[in-house]
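Only one structure is covered here, and it is reproduced in the block below.
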Amino acid sequence: MKAPSRNKRPGFSRRAQYGLFFSYVIAVTGILVGLGLVVAAHFDPTGFGTIRGAALDTTAPVSGAARGVVRGAGGVVDAIGAYFYAGSKNVAMARELDRDRAALVRARILALENERLRRMLKLVENRGGSIAVARIVGSTGVSSRRYATLDAGSAQGVRPGQPVRSPEGLVGRVVDAGMIASRVLLITDNASVVPVRLARGGAPALAAGRGDGSIEIRPLGAGGNPFNRGDIVLTSGTGGLYPPDVPVAVILRKDGDVAIGWPLANPSQLDYAMVEQPFAGLPPPLEPTKPARP
């Protein structure tokens, strides 16, 4: 038995024959309509304009619907693009805000540093007995002994026994001096005693370090405890070491016959300090006595 051929002509399929016939009809019709339109446009422009207007009226709704679909799709695309663009702008603005905040913090730090330096410079200009302005490179804040280290020593004229202060107040006195560094006994050390007076009224007292960062203020006059919370005590100049009227501490509370204060010049928050000459001058060094000749 012979197998059917795979390549059949259209004549063997009635549906294919009808499809081919209608294709020819549509093609011929299109050619005739086109020729008719060309002839009408050439010989009857007015009638051709009417036909063209009718065609425009017929296709306008379809074009409008298609344009709406296109614009809707475009709007969706624009919305998506705007969303991602806004997200990227928000990220960029957040980064810029972080940079501005960091710059503002740095500017504030520099402003505070400049203010400290200006106050220190003014202090040096107003006091002719200054020896050196030195950076505080270290301080003890946890032990009972309270010391600070300055980056200035005997090469800059620093000697033991010289008072040390800052624009905020009294820091302490020099106890050891090397060539390029020196050690300062802070007024909060339990071995430090500073003659002071009450700024309000001038009552004399002694300020002694307690070794815990605070200061004990003991009045010297009779009549009870004259100190109140918030009072300021200043150096009195008694003893000839510390110059008078240097701020020392602020009173925090009363404790029986004494008052507890906090130093106004906190070494942990200071960058620079100034070494000064003693108020009454250092005593001259003792000369060794020579044995008498027989």
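Residues: numbered from 1 along the sequence shown. Bear in mind that the values here come from a model prediction, so they are computed numbers and not experimental data.
A donor-acceptor pair under 3.5 Å links the side-chain atoms of D231 to the main chain of N228, judged by distance alone. Remark: side-chain polar atoms of T188 are not paired, donor with acceptor, to backbone N or O of G209 under 3.5 angstrom. Judged purely by atom type and a 3.5 angstrom limit, S154 has no side-chain atom pairing as donor or acceptor with the backbone of A177. Although no hydrogens or angles enter the test, the distance criterion places no donor-acceptor pair under 3.5 Å between the side chain of S166 and the main chain of A273. Looking at R253, its side chain never comes within 3.5 Å of a backbone N or O of I260 through a donor-acceptor pair. A side-chain donor-acceptor contact under 3.5 Å links D151 to the backbone of R135.
Using a 4.5 Å heavy-atom threshold, the side chains of V248 and L264 count as separate. In this structure the side chain of P244 never reaches within 4.5 angstrom of the side chain of S236, judged on heavy atoms. Contact check for I187 versus I215: side-chain heavy atoms found under the 4.5 Å cut-off. P243 places a side-chain heavy atom less than 4.5 Å from the side chain of P163. Looking at heavy atoms from C-beta onward, D257 lies out of side-chain contact with N225 at the 4.5 angstrom threshold. Two residues are said to be in side-chain contact when any heavy atoms from C-beta on lie closer than 4.5 Å; E168 and L270 meet this criterion.
When hydrophobic clusters are built by joining Ile, Leu, Val, Met, Phe, Trp and Tyr residues whose side-chain heavy atoms come closer than 4.5 Å, directly or via intermediates, M179 is not grouped with V275. Placement of V246 and L241 within a single hydrophobic cluster is found when ILVMFWY residues are connected by side-chain heavy-atom separations under 4.5 Å, directly or transitively. When the side chains of ILVMFWY residues are joined at heavy-atom separations under 4.5 Å, either directly or via intervening members, V194 and I232 end up in two distinct hydrophobic clusters. Under the 4.5 Å side-chain heavy-atom criterion for Ile, Leu, Val, Met, Phe, Trp and Tyr, I217 and L234 are members of distinct hydrophobic clusters. Hydrophobic clustering (ILVMFWY, side-chain heavy atoms < 4.5 Å, transitive): V171 and V193 are in distinct clusters.
Once rounded to the nearest 0.5 Å, the distance linking OG1 of T235 with CZ of F279 reads 9.0 Å. Taking CD of E276 as the start and CD1 of I131 as the end, the distance is 9.0 Å to the nearest 0.5 Å. Atoms CZ and OH, on R173 and Y242 in that order, are 4.5 Å from each other to the nearest 0.5 Å. One finds the CZ atom of R145 at 10.0 Å from the OG atom of S192 (value rounded to the nearest 0.5 Å). The distance from the CG atom of L198 to the CZ atom of F227 is 5.5 Å, given to the nearest 0.5 Å. Taking CZ of R159 as the start and CD of Q277 as the end, the distance is 9.5 Å to the nearest 0.5 Å.
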Exercise. Which is it for D271 and I136 under the side-chain contact (heavy atoms from CB on, under 4.5 Å) test, yes or no, and what are the steps along the way?
Worked result: CA-CA 6 Å; D271 296 327; I136 298 178; over 6 Å; no

Exercise. Can you check side-chain contact (heavy atoms from CB on, under 4.5 Å) on L206 and L220, steps first, answer last?
Worked result: CA-CA 7 Å; L206 289 177; L220 297 180; 4.0 Å; yes

For this session: Given side-chain contact (heavy atoms from CB on, under 4.5 Å), test Y147 with L185 step by step and report yes or no.
Result: CA-CA 5 Å; Y147 293 98; L185 179 71; 3.7 Å; yes

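The local environment of CZ in R229 is sparse, with at most 12 non-hydrogen atoms from other residues, nucleotides or ligands closer than 6.0 Å. Annotation for I180: atom CD1 does not count as buried by contact number, only 12 or fewer foreign heavy atoms lying within 6.0 Å.
In this structure, S130 and M274 approach most closely via the heavy-atom pair CB-SD, 3.5 Å. The shortest non-hydrogen separation linking R146 to G211 is NH2-O, 3.2 Å.
Contacts of D176 classified as side chain to side chain donor-acceptor pair (under 3.5 Å), with partners at least two apart in sequence or in another chain: R183. With sequence neighbours excluded, the residues satisfying salt bridge (charged side-chain N to carboxylate O under 4.0 Å, His left out) with D245 are R197.
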